[in-house]
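Since the model is a prediction, treat every value here as computed from it, not as a measurement. Numbers here are sequence positions counted from 1.
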Amino acid sequence: MTWDWQVFLNDDGSGRTYLQWMFDAWGWTLAVAGASWVVAVAVGALVGVIRTLPASPWLVRLGNAWVELFRNIPLLVQVFLWYFVVPKIIPAFQQVPGFLLVVFALGFFTSARIAEQVRAGIQALPRGQRYAGMALGLTTAQTYRYVILPMAFRIILPPLTSESMNLLKNSSVAFAVSISELTMFAMQAQEETSRGIEVYLAVTAAYAVSAFAVNRIFAFVEKKVRIPGFIAAGGAGGH
């Protein structure tokens with residue numbers, strides 16, 4: 001077996017090299033993952049909070065339904081639903097770029113998993129945190145914003161790191177609706193060059209580097225926001 005890494009310097013037929021094409025695809029992968037992450041965290045945090053509201057059982061049921069719905073439908077099916085079905089049902093979505101439809105699918109799918117993490121993080125806090133906020137005269141919204149959520153997000157940073165890395169890998173489903181990301185690049189470049197080993201090794205390295213970067217970023221954030229001495233186990237602990 002011979003290696004031919006020079007294949008990445010060949011013209012792909014559009015005036016750019018396969019290496020340039022791969023970096024373009026890498027950019028699309030990061031764009032899909034990054035935009036989906038923003039949607040997932042925003043929606044997941046909201047749904048996770050809703051599921052812990054003691055005085056709103058109907059909101060809790062609504063949040064539970066969201067999690068069960070998006071967590072139990074395969075991601076690829078959700079992508080196809082957003083791309084092919086939703087625009088038929090809601091004509092306004094026919095003008096929405098395919099990139100955003102994939103972001104919605106991936107973001108909502110991941111939001112269900114993050115919502116579960118947020119719920120667990122909030123419930124891991126000592127009950128005294130909530131009572132302290134109420135004793136200070138804070139509203140429920142203010143208690144969550146200034147007291148509960150800052151602590152809960154510190155607790156869930158490790159699982160959130162893993163979920164963010166999974167989201168990056170899950171962005172590969174975008175190839176199914178012709179988003180020119182890394183997986184689609186690999187499939188097309190392999191067909192055009194017949195150098196599948198080199199192409200797939202390069203794409204694997206790109207995914208690995210991206211996932212490692214995400215891991216290091218979250219590790220840095222976790223180190224910066226860690227609360228020394230805080231223990232969230234069995235509803236007991238404090239700072």
Side-chain angles (χ1 to χ4, degrees), residues 28-54 56-87 89-90 92-93 96-125 140-141 144-145 148-177 179 181 207 210-211 213-215 217-218 221-222 225:
W28 277 107
T29 289
L30 297 178
V32 169
S36 300
W37 187 87
V38 172
V39 172
V41 171
V43 177
L46 177 61
V47 175
V49 167
I50 285 176
R51 298 178 71 205
T52 63
L53 294 176
S56 303
W58 67 274
L59 280 177
V60 173
R61 288 193 290 269
L62 184 62
N64 291 338
W66 178 278
V67 170
E68 294 304 319
L69 174 64
F70 286 98
R71 190 170 59 177
N72 292 313
I73 300 176
L75 175 56
L76 189 58
V77 173
Q78 294 189 39
V79 170
F80 286 148
L81 286 172
W82 275 96
Y83 197 83
F84 295 111
V85 178
V86 171
I89 298 175
I90 308 175
F93 276 86
V96 177
F99 168 82
L100 289 180
L101 295 176
V102 171
V103 166
F104 291 150
L106 188 55
F108 290 160
F109 173 82
T110 309
S111 74
R113 304 171 66 88
I114 292 179
E116 185 67 13
Q117 295 168 2
V118 171
R119 180 196 62 81
I122 291 174
Q123 292 181 343
L125 289 172
T140 298
Y144 272 93
R145 178 180 178 184
I148 297 177
L149 284 179
M151 300 287 286
F153 270 107
R154 287 173 168 87
I155 294 173
I156 69 169
L157 270 175
L160 185 60
T161 301
S162 297
E163 200 58 54
S164 299
M165 295 169 67
N166 286 335
L167 190 155
L168 177 67
K169 292 178 287 185
N170 287 339
S171 67
S172 62
V173 300
F175 89 92
V177 290
I179 302 298
E181 45 72 65
Y207 276 117
S210 301
V214 170
N215 180 278
I217 290 171
F218 274 89
V221 172
E222 184 178 1
V225 303

Rounded to the nearest 0.5 angstrom, the OG-CG distance for S36 and L100 is 9.5 Å
To the nearest 0.5 Å, what is the distance between CH2 on W37 and CD1 on I114?
7.5 Å
Any chance you could lay out the side-chain contact (heavy atoms from CB on, under 4.5 Å) test for N72 and V67, step after step, and finish with the verdict?
CA-CA 8 Å; N72 292 313; V67 170; over 6 Å; no
Determine whether F109 and V79 make a side-chain contact, defined as any pair of heavy atoms from C-beta on separated by less than 4.5 Å.
no
What is the minimum heavy-atom distance between V47 and G63, and which atoms define it?
CG1-O, 3.7 Å
How close do L125 and I155 get, counting heavy atoms only, and between which atoms?
CD2-CD1, 3.6 Å
So how far is it from F84 CZ to L101 CG, rounded to the nearest 0.5 Å?
10.5 Å
Compare every heavy atom of P87 with every heavy atom of W82, then report the nearest pair and how far apart it is.
O-CD, 3.1 Å
Between E116 and R119, does at least one N-O distance fall below 4.0 Å, as a salt bridge requires?
yes
Counting only heavy atoms not in R145, do more than 12 sit closer than 6.0 Å to its CZ atom?
no
State, yes or no, whether a side-chain contact exists between L168 and L30 at a heavy-atom distance under 4.5 Å.
yes
Can you say whether the rings of W66 and F108 are parallel (under 30°), tilted (30 to 60°) or perpendicular (over 60°)?
perpendicular
Nearest heavy-atom approach of G121 to A152 is C-CB, 3.9 Å
Which atoms form the tightest heavy-atom contact between V49 and V118, and what is the distance?
N-CG1, 4.2 Å
Run V86 and V96 through side-chain contact (heavy atoms from CB on, under 4.5 Å) and show every step you take.
CA-CA 11 Å; V86 171; V96 177; over 6 Å; no
Rounded distance [0.5 Å steps], CG in L160 versus CD in Q117:
6.0 Å
Minimal heavy-atom distance between L157 and F218, with the atoms involved, is CD2-CD2, 3.9 Å
Determine whether Y144 and T52 satisfy the following criterion, side-chain hydrogen bond (donor to acceptor under 3.5 Å, both in side chains), listing intermediate values before the conclusion.
CA-CA 10 Å; Y144 272 93; T52 63; 2.8 Å; yes
Quick one: pull up CD1 in I217 and OG1 in T161 and give me the separation to the nearest 0.5 Å.
10.5 Å
Do V32 and L106 have side-chain heavy atoms sitting under 4.5 Å apart?
yes
Please round to the nearest 0.5 Å and tell me the distance separating atom OG1 of T110 and atom CG of L167.
4.0 Å
Look at the side chain of Q78 and the backbone N and O of F70, then say whether any donor-acceptor pair between them is shorter than 3.5 Å.
yes
